[in-house]
Amino acid sequence: MFTAHDHQFMAQALRLAERGLYTATPNPRVGCVIARNGKLVGSGWHEQAGQPHAEIHALHNAGEAARGATAYVTLEPCSHHGRTPPCADALIDAGIANVIIAMEDPNPMVSGRGCARLEQAGIAVQTGLLHAEAHALNIGFVSRMVKKKPWVRIKVATSLDGKTALNNGASQWITGEAARRDGHQWRARSCAILTGIGTVQADDPQLTVRHVKTTRQPKKIVVDRHLAISSHAKLLQGSGETWIFTANEGDTKKKAALHRMGANVIVLPDTGGAVDLEAMMAMLATDSGINEILVEAGSGLNGALVAAGLVDELVIYLAPHLLGNAAQGICKLPELTQLDRRKTLAIQDLRMIGCDIRVVARL
């Protein structure tokens, strides 16, 4: 049974974990609080891969006061040697008496082993306190570990009649400045931003975080079936990694030129001659440690991802405008003749952002 103090300290650990929202990737966002006799004696959070984990920071902060205390950790302490030593061992060595954990680690290298090691050392372990909040904070990490694919989130700005651009391609700006700033927060928390060649050619986006403070820029990913990207594209000019997935198995000269510009070109055709989107997502998860992908694309790529069952979530900004029938829509999907075949969404959040409405919904 968890006490009011337990809830209070775990909530504090979760707030600390949120500080790693933009920086912890590819690692999970983790916070740790150490309390003794109902008083906080140490706290910490994981900022960046390769740096000390939350438990280590909290133990250093607590010092000798950690002996006999309770540690509140938002994710099961690691039990293996990675870039840093096992946190379970550090908690044992510090003399921690109790460990309360929000959720077990979905990483097969850790899952259950950290708890087992603590219990074998005589430490009382409890799990499940504020599990849903901890899971939501690391939804991409969980997806990568369990489903072997990133959490894929499509972000779109639309009119109230569901249009993202005029028929001639004009789309700047449908929503207000507040919604655009909010969109950059979704960019900042993502490991990568994905777009299609149509959007690159029409809008020439930078695909960078500019409206919120961040120490890390997401990777830039382009789906470009025919390798039609211009060497003058803005996303190729800036810093940060750019990955181009193509089905074009020829044109070695252009591939070499793109490589010289720092782009990583991956040839990944499916049986129909397009880019294999499912294989792309699996590669990004397993080979590159991508937890969350933000898709900022046109209706073609959006529709292809939805049709392939690769989209987890939509972030839709609804502007108080009507753009008319001829304007472009959110997703290009096959025509339905039966309502029971429609895509069903579960709304997670609904709020005003400036003059616009933001809807967060899951498929």
Side-chain angles (χ1 to χ4, degrees), residues 140 143 149-175 179-180 182-184 186-187 190-205 207 218-226 228-229 235 243-247 268 270 272 274-281 284 290 292-319 323 325-336 341-348 356-363:
S143 179
K149 67 173 281 292
W151 182 263
V152 179
R153 182 181 287 122
I154 288 179
K155 179 179 76 70
V156 288
T158 81
S159 58
L160 279 181
D161 52 349
K163 303 301 182 179
T164 60
L166 299 181
N167 195 38
N168 63 12
S171 63
Q172 297 181 349
W173 298 101
I174 289 176
T175 53
R180 295 198 294 276
D182 190 71
H184 277 248
W186 291 101
R187 281 187 178 188
S190 303
C191 305
I193 304 172
L194 172 67
T195 195
I197 185 60
T199 299
V200 174
Q201 292 174 331
D203 298 339
D204 198 17
L207 299 188
K219 293 179 175 63
K220 295 168 281 188
I221 303 172
V222 182
V223 175
D224 183 1
R225 177 177 183 174
H226 300 295
I229 191 167
L235 60 84
W243 289 33
I244 303 171
F245 284 87
T246 184
L268 202 63
D270 64 12
V275 173
D276 189 329
L277 298 176
E278 191 170 349
M280 177 187 75
M281 291 299 181
L284 291 170
I290 301 291
E292 297 181 23
I293 288 181
L294 186 67
V295 181
E296 297 190 17
S299 61
L301 181 54
N302 286 346
L305 290 166
V306 170
L310 295 171
V311 177
D312 299 292
E313 191 168 63
L314 298 172
V315 178
I316 305 172
Y317 297 93
L318 293 167
L323 296 185
N325 234 18
Q328 300 176 24
I330 296 173
C331 288
K332 194 175 288 183
L333 292 168
E335 181 185 357
L336 297 180
R341 300 188 67 185
R342 61 195 168 189
K343 301 288 183 184
T344 302
L345 303 175
I347 294 177
Q348 306 295 305
D356 306 306
I357 300 169
R358 189 188 74 188
V359 181
V360 179
R362 293 182 184 167
L363 282 125

Start with the C-alpha distance between Leu333 and Val306, add both sets of side-chain angles, then the distance that settles side-chain contact (heavy atoms from CB on, under 4.5 Å), and finish with yes or no. CA-CA 8 Å; Leu333 292 168; Val306 170; 4.2 Å; yes
Run Val275 and Asp270 through side-chain contact (heavy atoms from CB on, under 4.5 Å) and show every step you take. CA-CA 6 Å; Val275 173; Asp270 64 12; over 6 Å; no
Hey, is Glu278 close enough to Lys149 for a salt bridge, meaning N to O under 4.0 Å? no
So [Y] and [X], do their side chains get closer than 4.5 Å, heavy atoms only?
{"X": "Val200", "Y": "Val222", "value": "yes"}
{"X": "Leu345", "Y": "Leu363", "value": "yes"}
{"X": "Arg225", "Y": "Ile197", "value": "no"}
{"X": "Leu314", "Y": "Val156", "value": "no"}

Between [X] and [Y], what is the shortest heavy-atom contact and its length?
{"X": "Asp224", "Y": "Ile229", "value": "OD2-N, 2.9 Å"}
{"X": "Gly329", "Y": "Thr164", "value": "O-OG1, 3.2 Å"}
{"X": "Leu166", "Y": "Gln328", "value": "O-NE2, 3.1 Å"}
{"X": "Asn302", "Y": "Cys331", "value": "CB-SG, 3.8 Å"}
{"X": "Gly183", "Y": "Leu294", "value": "O-CD2, 4.4 Å"}
{"X": "Ala319", "Y": "Ile174", "value": "CB-O, 3.3 Å"}

Nearest-0.5 Å distance that lies between atom [atom1] in [X] and atom [atom2] in [Y]:
{"X": "Ile290", "Y": "Met281", "atom1": "CD1", "atom2": "CE", "answer": "10.5 Å"}
{"X": "Arg180", "Y": "Tyr317", "atom1": "CZ", "atom2": "OH", "answer": "11.5 Å"}
{"X": "Ile154", "Y": "Glu313", "atom1": "CD1", "atom2": "CD", "answer": "11.0 Å"}
{"X": "Phe245", "Y": "Leu277", "atom1": "CZ", "atom2": "CG", "answer": "10.0 Å"}
{"X": "Ile221", "Y": "Leu207", "atom1": "CD1", "atom2": "CG", "answer": "10.0 Å"}
{"X": "Glu292", "Y": "Trp151", "atom1": "CD", "atom2": "CH2", "answer": "9.0 Å"}

Only one of Leu305, Leu194, Ile193, Asp312 passes side chain to side chain contact (heavy atoms under 4.5 Å, CB included) with Ile293, and that residue is Leu194
Do any N or O atoms from the side chain of [X] and from the backbone of [Y] form a donor-acceptor pair under 3.5 angstrom?
{"X": "Asp161", "Y": "Leu323", "result": "yes"}
{"X": "Lys220", "Y": "Leu235", "result": "yes"}
{"X": "Thr195", "Y": "Glu296", "result": "yes"}
{"X": "Ser190", "Y": "Trp186", "result": "yes"}

Counting only heavy atoms not in Gln201, do more than 12 fall under 6.0 Å of its CD? yes
